[in-house]
Novice: 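Please see the structure below; I have some questions.
Sequence lines set the chain letters: A, B, ... in the order given, protein chains first and strands last, and positions in each chain run from 1.
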Amino acid sequence: MDTMLSAFETMVKSVSDWVTLACDTPFARAVVFGVPIRGHLLVEGLLLVVILFLLSQKSYKPPKRPLTKKEVDELCDEWVPEPLIPTISEEMKYEPPVLESAAGPHTVINGKEVVNFTSANYLGLLGNDKLQESCTKALEKYGVGSCGPRGFYGTIDVHLDCEARIAKFLGTSDSILYSYGLSTMFSTIPAFCKKGDIVVVDEGVHWGIQNGLHLSRSTIIYFKHNDMTSLQSILENVTHDNKRTKKIRRYIIVEAIYQNSGQVAPLDEIIRLKEKYRFRVILDESNSIGVLGGSGRGLTEHCKVPIEKVDIVTAAMGHALATEGGFCTGSARVIDHQRLSSSGYVFSASLPPYLASAAITAIDVLEDSPNLITKLKDNIATLRKGLSDVKGLEIVSHPESPIVFLRLKKSTGSIKGDLQVLEDIADHLLKEHDVFVATSKRAIVDKCKLPAGIRLYVSAAHTESDLGRACESLKKATARIFEGQ
Amino acid sequence: MITIPYLTALTTYFSYGLLFAFGQFRDFFRKIVDWWSHSSLQGYAPICLGLEDFYIRRLYLRIQDCFNRPISSPPDAWFDVVERISNDNNKTLKRTTRVNRCLNLGSYNYLGFAAADEYCTPRVIETLRKFSASTCSTRVDGGTTTLHAELEECVANFVEKPAAIVFGMGYVTNSAILPVLIGKGGLIISDSLNHNSIVNGARGSGATIRVFQHNTPSHLEKVLRDQIAEGQPRTHRPWKKIIVVVEGIYSMEGELCKLPEIVSICKKYKAYVYLDEAHSIGAVGKTGRGVCELLSVDTADVDVMMGTFTKSFGSCGGYIAGSKELIQYLKYTCPAHLYATSVSPPAAQQIISSIKVILGEDGSSRGAQKLARIRENSNFFRSELQKMGFEVLGDNDSPVMPIMLYNPAKIPAFSRECLKRNVAVVTVAFPATPLLLARARICISAAHSREDLIKALEVISTVGDMVGVKYFPAEPKKQQLEGDRFKLD
């Protein structure tokens, strides 16, 4: 027993001696800041071994376990979708008044004749004998629909005639017809503005343009509504010191008369800026064709700008021309490009021929009777004069705009609140005074932030007494509504 | 799935390669000339950069006379195609006063309502007198007339849904409705061959878009399971909602949607079904109520039913039909309802009247006859084409039948040779189809008589031999078969 113990002791001692010897070798005696440290070489050696061992190992990855069929089943069972639509609130149940006759300057609602200010029938061409006759003829000859897109036998000779007529009227080289006003802008814009292009656009543009911009995937920069200094500073910022901008397409998009405010864009100033900074201009003339300028050729005529300076002009025909559809006009290059690249043109059935024929006749009538435009201008002036002192409301539209836009002098703080007050006024007008006006409603997808208002569409067909009645009853209605508050 | 023969694929690629090479060659010289003459605007980037319009300049313009052919009559069974001439190698085409009376195999005039109709036309003109051609106003302002209310009721009743809303254009219907129904955090699962309007609507909505293989319910199920399990990209939150968008009849394939399977899968995974019946409403089904009726799917299982009036009804516009709440919500929020001019009254009347004819409410059996006729015509024409050895796509009962052409040179050849023999067909190439899969498309109408169809078949057969598009062996004629049997006996 003793011998075993002593043998063990000697063994331990010899090992410790060996360790001490190893540590005490002259190499191992390092002096750091005057303090001798023993044995570090061994420790470092061991560390090195550990590091090498760890490096040789594969790094740890959590095992990839795809969801099992059962788990996916459970997830699918657990998933609860939102309802397709939110619950219907009381305001969503709004039903617009139903017209019992044509939407002319006078119409019938609930069996009563009312004065209609909701129809953008600026020149009073709705129900015009010549238009009716050309529609009837076209209906008898071609039927109603065209039963196909333009590419596939949906091109009827009246379409080509109509395109030529529009181009001749506006002094451009060619034009292209779209089958719906709203689709004109949102097809034209993505045909030209592509990913990477820069588009500078007014913040007050209507939804058709907004949607076109969204679909184009371009870089979009908004400038303050109808504010030329804001536009200039943005153009300056975009082009300043940026050599790349020379190689990419740049566009300015404005409306001639803004649907959302009745403002008129200062085209001469825009053209000056466009030429200075080398941008192309896309101009939406939906509300100005047949209205602005001595012969109704729109904003270009009004501002005395040659139409060639505006690269792309679009317009809906559902306003002054009293038909439907839309067109785009410009140089032959611009138009030809759209015939294969514009989705609303290529992938949609063409405009019903009778509407194209109505557009041709409407332009003929417009050219033959310039007095319609003077009458419209007089009517706008009369209405504006009569509405200048309505309690609680102010006119914010341009003096020559056929959309007379009335806004609350004192906003309630939210668009929704404003709209409620305005709708009360409109309701009261229709029920008590037989005057039919519309408020500027907004879709939830609309990004326009401009204040809401009451829109009165003036027509050349309104008589002086219609306008007088509108003014008088609006005064009474506002007095009534604001008193009640 | 279309399986393209190996040799054909090779020759097609070769043709496009050659066209591309020559196009590049010409572009090269064009550039030198442009550089010489400095014609481009200084300081502006060109409207089309580099290859953006290469296809149009160098491929499309060569054969542009096969497209956009103007007509000078209604698109009925026979119509007048205006002759065009070109003095600059097809770069520009000029209209002449000469017309050719041709058999129309191109228009979507499925029920023959395109031309003046004894019941519809007088009513349409009467409406024009009463309501004029337009309302110049949006639906929510002053554009809702009694006619629009009647139309919506009539459509809802026709498609067997509680309510409907109508718009002035089919394209807008799709592209303006989808953004209202779904947005960020939502998922749209779309058939790979859906129409451009659906694609644009889906893109405009801001929702995530996933595609499933054309008309393959099993793949749809796989996509649905994967997506529900995975949730939204990066955040992995569960999807807010999923909408599956399919078409009733695919206009470029002539195929019927496998609706029963798709509906049952969507039901299982709680996805909403959006069915675009642009080509099927009015054209198929016993009473013309579309694919739901044809494939006996309960319309209650389809959440959103969309369709257009351009095709079977011979008018214009589109509709959405669904629950009362859905329509109320759309009427409150949809931009096309708030900002677009309402449906032109005469067009609305055309829809109402044609639906009445289809349903037999005009007091005649013309509607039922038309429906029987289009079915008979379509099935006859399709089976004859197949017998001749053409590669015809699509299902029985569908009035749309594409004939595969493949090679780019066969596109203008087929179209021009048919036109020479007074048969107007539509040829479709890129961008409406994939580059390799060019085709001719035939749309059958109830207005076609049996003689018309036999004439068309004769012409197409001759041209098919000439151009070489009978990719399958022809089936021996019946008489021959009987003769052979007789000999054997």
Novice: Any side-chain to backbone donor/acceptor pair from R225(B) onto V72(A)? Under 3.5 Å, distance only.
Specialist: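 Flag not set: sc R225(B) to bb V72(A) has no pair under 3.5 Å.
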Novice: Could you tell me which portion of K130(B) (side chain, backbone, both or neither) has an atom closer than 4.5 angstrom to a non-hydrogen atom of chain A?
Specialist: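 For K130(B), backbone and side chain are both near chain A.
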Novice: What is the ring orientation for F67(B) with F152(A), classed by angle as parallel under 30°, tilted 30 to 60°, or perpendicular over 60°?
Specialist: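 Aromatic pair F67(B)/F152(A) classed tilted.
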Novice: If I measure from the heavy atoms of chain B, does Y354(A) come under 4.5 Å with its side chain, its backbone, both, or neither?
Specialist: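 For Y354(A), side-chain heavy atoms alone lie under 4.5 Å from chain B.
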Novice: Chain A: which of K331(B), H195(B), Q349(B), K311(B) shares the most heavy-atom pairs with it under 4.5 Å?
Specialist: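 Maximum pair count with chain A is reached by H195(B).
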Novice: Where on S353(B) is there a heavy atom nearer than 4.5 Å to chain A: the side chain, the backbone, both, or neither?
Specialist: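 Interface part for S353(B): neither.
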Novice: Between Y329(B) and I444(A), does a side chain to side chain contact (heavy atoms under 4.5 Å, CB included) hold up when you go through it step by step?
Specialist: CA-CA 11 Å; Y329(B) 177 69; I444(A) 44 164; 3.5 Å; yes
Novice: Is it true that a side-chain atom of E325(B) and a backbone atom of I88(A) form a donor plus acceptor pair closer than 3.5 Å?
Specialist: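 Not confirmed, E325(B) side chain does not pair with I88(A) backbone.
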Novice: At a heavy-atom separation under 4.5 Å, does I182(B) approach chain A through its side chain, its backbone, both, or neither?
Specialist: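 For I182(B), neither part sits under 4.5 Å from chain A.
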Novice: Report yes if some heavy atom in the side chain of L67(A) is under 4.5 Å from a heavy atom in the side chain of E230(B); otherwise report no.
Specialist: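 No, too far: nothing below the 4.5 Å cut-off.
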Novice: Flag the pair L181(B) / I85(A) as yes when at least one side-chain heavy-atom distance between them is below 4.5 Å, and no otherwise.
Specialist: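 Yes, close enough: below the 4.5 Å cut-off.
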Novice: Against chain B, work out which of S119(A), G154(A), G143(A) has the most heavy-atom pairs shorter than 4.5 Å and name it.
Specialist: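 Winner by heavy-atom pair count: S119(A).
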Novice: Using non-hydrogen atoms and a 4.5 Å limit, figure out which bit of D161(A) sits close to chain B: side chain, backbone, both or neither.
Specialist: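 Both parts, heavy atoms under 4.5 Å.
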Novice: Thinking salt bridges, do R95(B) and D157(A) make one under a 4.0 Å N-O criterion?
Specialist: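 Judged by the 4.0 Å cut-off on N to carboxylate O distance, R95(B) and D157(A) do not form a salt bridge.
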Novice: Heavy-atom distances under 4.5 Å only: say whether S344(B) touches chain A with side chain, backbone, both or neither.
Specialist: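 For S344(B), heavy atoms of backbone and side chain both lie under 4.5 Å from chain A.
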Novice: For S175(B) and F186(A), work out which heavy atoms get closest and say how close.
Specialist: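 In this case the closest contact between S175(B) and F186(A) is OG-CZ, 3.5 Å.
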Novice: Would you say the side-chain atoms of H214(A) pair up with the backbone N or O of S205(B), donor to acceptor, closer than 3.5 Å?
Specialist: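 Pair absent, no side-chain N/O of H214(A) close to backbone of S205(B).
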Novice: What part of S343(A) is in contact with chain B, defined as an atom under 4.5 angstrom from a non-hydrogen atom: side chain, backbone, both or neither?
Specialist: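 Backbone plus side chain of S343(A), per the 4.5 Å heavy-atom cut-off to chain B.
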Novice: When you measure from the side chain of T155(A) to the backbone of R69(B), do you find a donor-acceptor pair of N or O atoms at a distance under 3.5 Å?
Specialist: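 No.
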Novice: Looking only at heavy atoms and a cut-off of under 4.5 Å, which of T135(B), N196(B), V82(B) has the most pairs with chain A?
Specialist: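 Of T135(B), N196(B), V82(B), N196(B) has the most heavy-atom pairs under 4.5 Å with chain A.
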Novice: Does any part of the side chain of T333(B), heavy atoms only, come nearer than 4.5 Å to the side chain of V445(A), both counted from C-beta?
Specialist: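 No. Closest side-chain heavy atoms not under 4.5 Å.
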Novice: Is R442(A) in contact with chain B via its backbone, its side chain, both, or neither, using a 4.5 Å heavy-atom distance?
Specialist: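 Both the backbone and the side chain of R442(A) come within 4.5 Å of chain B.
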Novice: With only heavy atoms counted, which part of I71(B) is less than 4.5 Å from chain A, the side chain, the backbone, both or neither?
Specialist: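 Both backbone and side chain.
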Novice: With a 4.5 angstrom heavy-atom cut-off, which part of S251(B) approaches chain A: side chain, backbone, both or neither?
Specialist: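 Interface part for S251(B): neither.
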Novice: Are the side chains of H319(A) and C136(B) in touch, meaning some heavy atoms are under 4.5 Å apart?
Specialist: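 When only atoms from C-beta onward are counted, C136(B) and H319(A) do not touch, as no gap falls below 4.5 Å.
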Novice: Under 4.5 Å heavy-atom distance to chain A, tell me which part of Y269(B) shows up: side chain, backbone, both or neither.
Specialist: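 The answer is both parts of Y269(B).
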Novice: Specify which of A424(B), G322(B), A115(B) makes the most heavy-atom pairs with chain A at under 4.5 Å.
Specialist: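 It is A424(B).
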Novice: Which region of N121(A), side chain (C-beta onward) or backbone (N, CA, C, O), has a non-hydrogen atom less than 4.5 Å from a non-hydrogen atom of chain B, or is it both or neither?
Specialist: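 Both parts, backbone and side chain.
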Novice: Please examine the side chains of T310(B) and P149(A), heavy atoms only from C-beta on, and report whether any two atoms are closer than 4.5 Å.
Specialist: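 Counting from C-beta outward, P149(A) and T310(B) never come under 4.5 Å.
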Novice: Taking side chain as everything from C-beta outward and backbone as N, CA, C, O, which of these in P75(B) sits under 4.5 Å from a heavy atom of chain A? Side chain, backbone, both or neither.
Specialist: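 For P75(B), the contact with chain A is made by the side chain alone.
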Novice: For L355(A), is it the side chain, the backbone, both, or neither that has a heavy atom closer than 4.5 Å to a heavy atom of chain B?
Specialist: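 Just its side chain gets close to chain B.
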Novice: Heavy-atom distances under 4.5 Å only: say whether K274(A) touches chain B with side chain, backbone, both or neither.
Specialist: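 For K274(A), the contact with chain B is made by backbone and side chain together.
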Novice: Measure distances from V98(A) to the heavy atoms of chain B and classify the residue's part below 4.5 Å as side chain, backbone, both or neither.
Specialist: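 Interface part for V98(A): both.
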Novice: Would you say Y457(A) and S137(B) are linked by a side-chain donor-acceptor pair, where the criterion is simply a distance under 3.5 Å?
Specialist: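 No - no donor-acceptor pair under 3.5 Å links their side chains.
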Novice: Counting only heavy atoms closer than 4.5 Å, note whether T136(A) contacts chain B via side chain, backbone, both or neither.
Specialist: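 Interface part for T136(A): both.
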Novice: So, does Y153(A) use its side chain to make a donor-acceptor pair with the main chain of S107(B) at under 3.5 Å?
Specialist: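 Pair absent, no side-chain N/O of Y153(A) close to backbone of S107(B).
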Novice: With no hydrogens and no angle check, is any side-chain donor or acceptor of W79(A) less than 3.5 Å from a backbone partner on W239(B)?
Specialist: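 Checked: pair present.
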Novice: What part of A278(B) gets within 4.5 angstrom of chain A, counting heavy atoms only: side chain, backbone, both, or neither?
Specialist: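 No part of A278(B) comes within 4.5 Å of chain A.
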Novice: Using non-hydrogen atoms and a 4.5 Å limit, figure out which bit of V304(B) sits close to chain A: side chain, backbone, both or neither.
Specialist: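 Looking at V304(B), just its side chain touches chain A.
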Novice: Have Y171(B) and S179(A) got a donor and an acceptor in their side chains that come within less than 3.5 Å?
Specialist: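 No, because no side-chain N or O of Y171(B) sits under 3.5 Å from a partner of the opposite role on S179(A).
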Novice: Can you say whether Y110(B) sits under 4.5 Å from chain A via the side chain, the backbone, both, or neither, judging by heavy atoms?
Specialist: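 For Y110(B), no heavy atom lies under 4.5 Å from chain A.
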Novice: Run the numbers on D141(B) and K441(A) for side chain to side chain contact (heavy atoms under 4.5 Å, CB included), then give the verdict.
Specialist: CA-CA 9 Å; D141(B) 292 346; K441(A) 298 172 190 69; 3.5 Å; yes
Novice: Is F79(B) close to chain A through its backbone or its side chain, or both, or neither, when contacts mean heavy atoms under 4.5 Å?
Specialist: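 Just its side chain gets close to chain A.
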Novice: Using side-chain heavy atoms (C-beta onward) and a distance below 4.5 Å, is Q328(B) in contact with M92(A)?
Specialist: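 The answer is no, as the side chains (C-beta and beyond) never meet within the 4.5 Å cut-off.
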Novice: Look at the side chain of Y272(B) and the backbone N and O of L84(A), then say whether any donor-acceptor pair between them is shorter than 3.5 Å.
Specialist: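 Here the side-chain-to-backbone pair exists.
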